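Reviewing the structure listed below.
Being a predicted model, the structure only gives us computed values, none of them experimental. Position 1 is the first residue of the sequence, and the numbers go up from there. All ligand and atom numbering here is 1-based and tracks the order in the structure. Heavy-atom basis, side chains included; hydrogens, waters and symmetry copies ignored.
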Amino acid sequence: MTAKHDQYRRKAEGWSEHEYADGAAYLDRRAQVVVELGPPLRPGDEVLDLACGDGGLGAHLLRRGLRYRGVDATPEMVVAAQRALGQSAVVEEGDLDAYAPPGPVAATTVFRAIYYARDRRAFFERVAGFTTTKLVFDLNPRQYRMNDVLADLRSAGFDRVAVRPFFVPQRVALPRVASALLRGIERTGPLARLVLRARFTYLVAAWRSVDPT
Ligand SMILES: C[S@@+](CC[C@H](N)C(=O)[O-])C[C@H]1O[C@@H](n2cnc3c(N)ncnc32)[C@H](O)[C@@H]1O
């Protein structure tokens, strides 16, 4: 157990409230992008959220008529997510490098945790084996080279990719006008890329043009 993992145990209870200045707004926007980026999800589709933390994203996906399966390696996070979501979702303990759902899922998501995959390419290959519609994750371009990640996705069979900036601050709750302005900048191309040199992340959806399942 690393110091980081020990920290997750201690912070599990109330994770979403502490980590996100405006958790409801942040996670709702994330859920919206999960549904809309790349091939859209439809009510009834199942989302597998790997490294789900306290399952904060779950409520926002359930509200959109999706089914939610959360998986996390930290037992305290699993308990917090189970408590928050109750019978409306499945939450299990598991390692994202080894977990396989009982059947295919429409979407697999990984937020703020892609770096826990021991071998990113092998991880993408495993996910591709049980994901029918798309994989969605966030990527910090100051930490990873987009081209390296795209190459790993292609090699895993994800031949289609959609990438978009996600300019919702995690630790600051902005007034409405400022949020709207940032949302506008997400779509500006060069200006958005400039912003990404200093802050924020991309959201990436990857899928296969031919469904293998
Ligand atoms: C930064 S938190 C992100 C939680 C949530 N996805 C979010 O966006 O708020 C990282 C999470 O990854 C989990 N985690 C770390 N290593 C893992 C692994 N190998 N398999 C599954 N979960 C893991 C931690 O327990 C923690 O809940």
**Report entry** Taking atom 26 (C) of ligand 1 as the reference point, the nearest protein heavy atom with its distance
**Finding:** Asp72 OD2, 3.6 Å
**Report entry** From Arg69 atom CZ to Leu50 atom CG, the distance as rounded to the nearest 0.5 Å
**Finding:** 11.0 Å
Report task. Check whether any heavy atom of Asp95 sits under 4.0 Å from an atom of ligand 1. Result -> yes
Query - Shortest protein heavy-atom distance from atom 4 (C) of ligand 1, along with the residue and atom involved - result: Ala51 O, 3.5 Å
Query raised in the report: Contact between Gly94 and ligand 1, counting heavy atoms under 4.0 Å?
Result: yes
Query raised in the report: Is there any N or O on Met77 that sits under 3.5 Å from an N or O of ligand 1?
Result: no
Requested in this report: Would you indicate whether Arg63, at its atom CZ, is surrounded by more than 12 heavy atoms from other residues, nucleotides or ligands within a distance under 6.0 Å?
Outcome: yes
Query raised in the report: Out of Ser16, Ala73, Gly53, who gets a non-hydrogen atom closest to atom 23 (C) of ligand 1?
Result: Ala73
Report task. Among all protein heavy atoms, pick the one closest to atom 2 (S) of ligand 1 and tell me residue, atom and distance. Result -> Trp15 CZ2, 3.4 Å
Query - atom 16 (N) of ligand 1 - nearest protein heavy atom and its distance - result: His5 NE2, 3.1 Å
**Report entry** Side chain, backbone, both or neither: the part of Tyr99 lying under 4.0 Å from ligand 1 by heavy atom
**Finding:** neither
Query raised in the report: Which bit of Arg118 is near ligand 1, meaning a heavy atom under 4.0 Å away: side chain, backbone, both or neither?
Result: neither
Report summary line: One should read off an interatomic distance between Asp54 CG and Arg83 CZ, to the nearest 0.5 angstrom, of 10.5 Å
Query raised in the report: Got more than 12 heavy atoms from elsewhere within 6.0 Å of CZ, Arg187?
Result: no
Query raised in the report: Nearest heavy-atom pair of Ser16 and Leu27: which atoms, and what distance?
Result: OG-CD1, 3.9 Å
Query raised in the report: What part of Arg112, side chain, backbone, both or neither, has a heavy atom within less than 4.0 angstrom of ligand 1?
Result: both
Report summary line: Counting from 1 in the order shown, the ligand 1 atoms closer than 4.0 Å to a non-hydrogen atom of Arg30 are 7 (C), 8 (O)
Query raised in the report: Can you check whether Phe124 and Phe137 have ring centres sitting under 6.0 Å from each other?
Result: yes
Report task. Pick, from Thr74, Val78, Asp138, Leu96, the option with the minimum heavy-atom distance to atom 20 (N) of ligand 1. Result -> Leu96
Query - Closest approach of any protein heavy atom to atom 24 (C) of ligand 1, naming residue and atom - result: Tyr8 CD1, 3.4 Å
Query raised in the report: Within less than 4.0 angstrom of ligand 1, does Gly56 place any heavy atom?
Result: no
Query raised in the report: How far does CZ of Arg30 sit from CZ of Arg112, to the nearest 0.5 angstrom?
Result: 7.0 Å
Query - Mode of Phe111 contact toward ligand 1 - side chain, backbone, both, neither (heavy atoms, under 4.0 Å) - result: both
Query raised in the report: Hey, what do you get for OH (Tyr68) to OG1 (Thr109), rounding to the nearest 0.5 Å?
Result: 6.5 Å
Query raised in the report: Tyr20 heavy atoms, cut-off 4.0 Å: which ligand 1 atoms fall inside?
Result: 7 (C), 8 (O), 9 (O)
Query raised in the report: Would you call Arg64 and Asp28 a salt bridge, taking side-chain N to carboxylate O under 4.0 Å as the test?
Result: yes
Query - Spacing of Leu61 atom CG and Glu46 atom CD [to the nearest 0.5 Å] - result: 11.5 Å
**Report entry** Crowding at CZ, Arg142 (>12 non-hydrogen neighbours, <6.0 Å)
**Finding:** yes
Query raised in the report: Can you find a non-hydrogen atom of Glu19 under 4.0 Å from ligand 1?
Result: no
